[in-house]
Amino acid sequence: MIITLKDGKREFANGLSALDIAGQLSQELKKQAICARVDGAITELWKPIDHDCALEILTFEDDEAKRVLRHTASHVLAQAVKKLKPNAKLAIGPAIENGFYYDFDVDEPFTPDFLVDVEKEMARIVIKNDRFEGFELPRAEAIQFMQERNEPYKVQLIEDLPEDAPLSFYKQGDFTDLCAGPHLPSTGKVKAFKLTSIAGAYWRGSEKNKMLQRIYGTAFADKAELDAYLQRIEEAKKRDHRRLGRELDLFDIRDEGPGFPFFYPKGMVLRNLLEDYWRQIHHEAGYEEIKTPIMLNRALWERSGHWDHYKDNMYTTKIDDMDFAIKPMNCPGGILVYQRKLWSYRDLPCRSGELGLVHRHELSGALHGLMRVRCFTQDDAHIFMTPEQIRDEIKGVYRLIDKVYQTFGFPYKVELSTRPENAIGTDEMWALATEGLQGALDDLAVPYTINEGDGAFYGPKIDFHLEDSLGRTWQCGTIQLDMNLPERFDLTYTGPDGEKHRPVMIHRVVLGSIERFIGILTEHFAGAFPLWLAPVQVKVLTITDRCDEMAKAVRAKLEAAGIRTELDLRNEKIGFKVREAQMMKIPYMLVLGDKEVEDQVVNVRTRKGDTIGTMNVDALLEMLKQQIATKALQ
RNA sequence: GCCAAUAUAGCUCAGUUGGUAGAGCAGCGGUUUCGUAAACCGCAGGUCAAGGGUUCGAGUCCCUUUAUUGGCUCCA
């Protein structure tokens with residue numbers, strides 16, 4: 001038998017397992033073998049290999065091995081919970097990004113104290129070091145097996161698997177679970193784990209189903225790695241935009257307005273700069289700006305379909321006995337703007353953008369700082385065009401979004417969502433629309449994932465996701481094709497044939513919502529915004545009051561040149577003033593003492609802690625202007 | 001909305017088995033004029049989220065409501 005290892009061919013005796021081979025290679029491996037990839041597929045280490053194959057031994061450094069480790073940990077978790085609460089019914093327990101969870105149906109919700117007990121029980125199981133043993137059962141026996149153990153969720157899982165699917169089970173100690181595998185060889189390999197939280201979670205993710213109790217945890221190769229991870233989480237919390245918003249005096253959400261954010265003066269500076277930038281790039285990209293009313297009458301919302309399908313999320317009111325609704329979306333207003341005149345194919349595409357303030361009554365439990373609010377400003381635009389223009393237009397929007405995200409240095413993920421079950425429109429229209437989006441992505445050679453059936457009922461969409469400090473992703477940009485509203489509002493343009501045609505409409509946002517984008521921005525830069533966005537760009541710090549006059553003059557000169565400058569003339573030590581400016585993450589501090597006054601220069605310090613040295617104000621201005629003009633990320 | 005936890009000064013947090021509410025920072029008043037992340041002294045600041053209950057007595061125990069946090073669902 002010849003096994004091709006990752007780094008070349010090796011011959012081994014027949015019937016050896018990957019574990020045996022790993023043992024033989026232990027000198028070379030240096031790291032502990034966790035699982036193996038045989039001919040590309042992940043498998044357990046202990047399974048005998050009796051054929052020629054390509055073998056790769058994975059260590060904890062491999063992401064796939066980490067998933068196997070965490071999945072194994074979830075089995076240990078389930079075993080521990082069953083031991084402590086034999087009546088708990090098992091649902092599912094997968095590995096997830098950075099950890100794992102297991103869902104249980106229990107009579108009483110779990111408590112934090114119980115979590116401590118479970119951790120102790122898990123530690124006992126790990127010490128016992130039970131081997132994982134896999135076996136398969138025919139369908140009927142598998143169902144009977146789980147019925148006998150009173151595991152209705154497992155029975156349901158089996159019943160929903162395809163008829164011919166192999167039904168594999170894994171047993172460690174006295175615990176057996178339905179599972180596709182693979183696992184580590186034994187429970188003892190789960191060395192460093194921690195249960196992190198308890199949460200309610202609906203069975204199969206549907207709120208129509210029963211809510212189960214979920215336990216989250218994480219596991220690492222060793223304690224050092226686990227501690228490093230927990231440390232990283234603590235550090236990430238310091239970047240939380242909710243915390244920084246308050247500390248840097250940018251924005252906050254008060255109990256008096258759940259989901260309705262306040263922007264304070266400094267936050268408003270940041271916000272206005274973003275909006276200025278937005279206007280500039282949209283002007284360059286051929287958009288015209290409009291503004292539509294925040295509140296419109298019921299008839300409009302009935303025609304758009306929102307009254308019937310979105311009313312639960314809308315704030316409504318009655319004026320002069322007529323129903324009105326505050327807009328949850330800008331599109332109906334944008335459509336009324338389109339309808340103000342007759343359109344020729346020569347005028348298309350028509351791109352009109354709007355920084356539109358929308359209100360949505362989101363579920364209270366969904367609110368999250370600036371990331372999920374109940375009133376927010378979408379940097380919306382609606383583009384009306386002929387079907388032939390779809391592909392190029394989508395490409396244009398994509399490039400615009402890409403350009404903006406690159407300006408901020410944001411990595412992003414692209415997802416294409418296709419036709420859902422409750423879709424309207426013909427197969428033909430969906431095929432055309434989906435091809436338009438997919439074609440554009442393919443033309444641009446963009447990596448993307450497909451969310452089958454996750455599109456809006458009115459059309460497919462491309463979503464752009466950005467990460468927050470804890471790695472949670474938030475949808476920001478989106479490009480959505482709409483095959484519904486043009487019909488409902490009977491939108492037309494006149495073609496070269498003199499006949500009326502239906503335009504294709506897309507909704508798109510680049511930043512998504514100004515609020516969410518500011519949240520992402522704040523976490524990404526940990527509050528240390530690039531110079532061009534910093535609410536305060538420069539702070540002048542004096543050492544004694546003999547420098548006050550020059551300090552005021554320096555500030556006046558910088559302000560006159562458009563640099564946002566603050567002055568600290570307080571009777572405090574320079575260390576104290578530096579510390580404060582530093583904590584406010586002000587990009588440049590100008591220290592002025594007797595020496596600087598005499599030489600008519602400023603001593604420049606950055607928020608990174610570097611002292612650049614002295615220079616005259618003109619040279620400083622030159623440097624600042626350069627950085628601002630290029631929107632340098634630093 | 002659902003599951004769980006939490007709510008004490010502007011901020012970060014103490015507050016023991018129920019017995020008159022505390023610290024640091026920030027603020028204000030002084031002293032100090034100082035060289036790159038915290039000078040010193042003093043003062044003031046709270047209907048303990050709101051409402052109800054148990055008790056001689058509630059920040060502390062119970063109930064309701066509100067908000068927040070972590071998830072689920074939903075979504076920019």
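Computed from coordinates, the A:Ile215 CD1 to B:C72 P distance equals 15 Å when rounded to whole Å. Taking atom NZ of residue A:Lys311 and atom P of nucleotide B:C74, one finds them 22 Å apart after rounding to whole Å. Atom CG of A:Asn451 is separated from atom C1' of B:C75 by 13 Å (rounded to the nearest Å). Here the P atom of nucleotide B:A7 and the CZ atom of A:Arg242 are 17 Å apart, to the nearest Å. Protein atom OH of A:Tyr412 is 18 Å distant from nucleotide atom C1' of B:A76, rounded to whole Å.
Residue A:Glu256 is classed as having no contact, given no heavy-atom separation below 4.0 Å to the nucleic acid. Counting any heavy atom pair closer than 4.0 Å across all strands shown, A:Phe576 reaches sugar-phosphate atoms only and no base atom. A:Arg254 comes within contact range of no nucleotide atom at all, as no heavy-atom separation falls under 4.0 Å. Within the 4.0 angstrom heavy-atom criterion, base atoms lie near A:Gln582. Heavy atoms of A:Val358 sit nowhere under 4.0 angstrom from any nucleic acid atom. At the heavy-atom level, A:Ala201 lies under 4.0 Å from the strands shown only through sugar-phosphate atoms.
For A:His368, taking side-chain heavy atoms from C-beta onward, the closest of the listed nucleotides B:G70, B:A76, B:C3 is B:G70. For A:Arg246, the listed nucleotide lying nearest its side chain is B:C11; candidates were B:G70, B:C11, B:U73. Distance from the side chain of A:Arg214 is smallest to B:C72 among B:A76, B:C3, B:C72.
At the phosphate of B:G70, OP1 or OP2 sits under 4.0 Å from a side-chain N or O atom of A:Arg472. Using a 4.0 Å cut-off, some side-chain N or O of A:Gln475 falls inside it from OP1 or OP2 of B:A76.
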Check: protein-nucleotides 34-36 of chain B nitrogen or oxygen pairs below 3.5 Å:
from  : atom 1 : to       : atom 2 : distance (Å)
B:C34 : OP2    : A:Arg546 : NH2    : 3.4
B:C34 : N4     : A:Asn571 : OD1    : 2.1
B:G35 : O6     : A:Asp594 : N      : 3.2
B:G35 : O6     : A:Lys595 : N      : 3.1
B:G35 : N1     : A:Glu596 : OE1    : 2.7
B:G35 : N1     : A:Glu596 : OE2    : 3.3
B:G35 : N2     : A:Glu596 : OE1    : 3.2
B:G35 : N2     : A:Glu596 : OE2    : 2.4
B:G35 : N2     : A:Asn603 : ND2    : 3.2
B:U36 : O3'    : A:Arg605 : NH1    : 3.3
B:U36 : O2'    : A:Arg605 : NH1    : 2.6
B:U36 : O4     : A:Asn603 : OD1    : 3.3
B:U36 : O4     : A:Asn603 : ND2    : 2.6

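With a cut-off of 3.5 Å on both pairing distances, the Watson-Crick and G-U wobble pairs of RNA chain B assemble into stems of 3 or more at B:1-7 with B:66-72, B:10-13 with B:22-25, B:27-31 with B:39-43, B:49-53 with B:61-65.
Centroid-to-centroid, the aromatic rings of A:His309 and A:Tyr458 stay 6.0 Å apart or farther. Ring to ring, A:Phe464 and A:Tyr398 are close: their centroids are under 6.0 angstrom apart.
Remark: ring of A:Trp474 not stacked against base of B:A76; the cut-offs of centroid gap under 5.5 Å and plane tilt under 30° are not jointly satisfied.
Between the side chain of A:Asp255 and the base of B:U66, no donor-acceptor pair of N or O atoms lies under 3.5 Å. If you check distances only, the side chain of A:Tyr202 does reach the base of B:G1 with a donor-acceptor pair under 3.5 Å.
Separation of the C1' atoms belonging to B:G18 and B:A76 is 49 Å when rounded to the nearest angstrom.
Near RNA chain B, defined here as any heavy-atom distance below 4.0 Å, the residues from residues 505-520 of chain A are A:Gly512, A:Ser513, A:Arg516, listed numerically.
Between the side chains of A:Thr542 and A:Lys577, at least one donor-acceptor pair of N or O atoms lies under 3.5 Å.
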